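Note that this is a predicted model, so its numbers are computed, not measured. By convention in this document, chain letters (A, B, ...) are assigned in the order of the sequence lines, proteins followed by strands, and residues within each chain are numbered from 1.
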Amino acid sequence: MKTEPEAFSLDDLAERGQEPWDGIRNYQARNFMRSMTPGDGVFIYHSRVLIPGIVGVADVRTSAHPDPTQFDSSCKYYDPNSKAETPRWDLVDVGFRGRLTSVVSLDELRRMSVFSDSPLIRKGNRLSILPITEAQWTAVLERVELV
DNA sequence: GCCAACGTTGGC
DNA sequence: GCCAACGTTGGC
């Protein structure tokens, strides 16, 4: 799951312990959240920084449920087209698990064979939530310590 | 249902 | 801060 640390960082997640991952307004990303199960491992990826990459580990704490911000007209995530009876946008709650001792950078991910097919490393990719494979999970955690 | 215009993402 | 890439919107 990607985040711009200026808006919400891994440290913010660590501080709060758990966070509803709201504001996702992309159908593909939403569908990936719908396929998540509590307990699933999550990599937290920092984007729009000097060295973009995976900085920490989290886990899924709830299954997908309607994102309340879509109904809040004062919120930037408000969606006037979403109806309470048929909510358009979902979120999952994400819990902090740990920090990586060093960033596994996008540059590094590009050089790892297990990521060669991942949209994550493709230019112009704008998906903020992407599935990862067991092999990707293992490969990243083999390179760094989780603390 | 096409597609131009627009808005947003995110690496650089 | 720039701008390529891409998803969404809405006129036709």
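In Asp72(A), the CG atom is crowded: over 12 heavy atoms of neighbouring residues, nucleotides or ligands sit closer than 6.0 Å.
Although no hydrogens or angles enter the test, the distance criterion places a donor-acceptor pair under 3.5 Å between the side chain of Ser105(A) and the main chain of Glu108(A).
We find that CD of Glu4(A) is positioned 15 Å from P of dC12(B), with the value rounded to whole Å. Atom pair Leu50(A):CG and dC12(B):P shows a separation of 11 Å (rounding to whole Å applied). What separates CZ of Arg126(A) from C1' of dC6(B) is a distance of 11 Å, to the nearest Å. Rounded to an integer number of Å, the gap from Asn26(A) CG to dG7(C) P is 8 Å. Lys2(A) has its NZ atom 12 Å from the C1' atom of dC6(C), to the nearest Å. Atoms CG (Leu127(A)) and C1' (dG7(C)) sit 10 Å apart, rounded to a whole Å.
Side chains of Glu15(A) and Asp11(A) form no contact here, defined as non-hydrogen atoms less than 4.5 Å apart. Residues Leu100(A) and Leu141(A) are in side-chain contact: their nearest non-hydrogen atoms beyond the backbone lie under 4.5 Å apart.
Under the 4.5 Å side-chain heavy-atom criterion for ILVMFWY residues, no single connected hydrophobic cluster contains both Leu109(A) and Val49(A).
Side-chain atoms of Asp12(A) and Ser9(A) include a donor-acceptor pair closer than 3.5 Å.
Taken residue by residue, residues 100-125 of chain A places heavy atoms nearer than 4.0 Å to DNA chain C at Lys123(A), Gly124(A).
Considering only the side chain of Tyr45(A), dG11(B) comes nearest among dG11(B), dT8(C), dT9(B).
Trp89(A) and Tyr27(A) have tilted rings, their planes meeting at an angle from 30° to 60° on a 0 to 90° scale.
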Atom pairs, N/O to N/O, protein against nucleotides 1-3 of chain B, distance under 3.5 Å?
none

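For Arg25(A) and Asp67(A), the salt-bridge test passes: some basic side-chain N is under 4.0 Å from an acidic carboxylate O.
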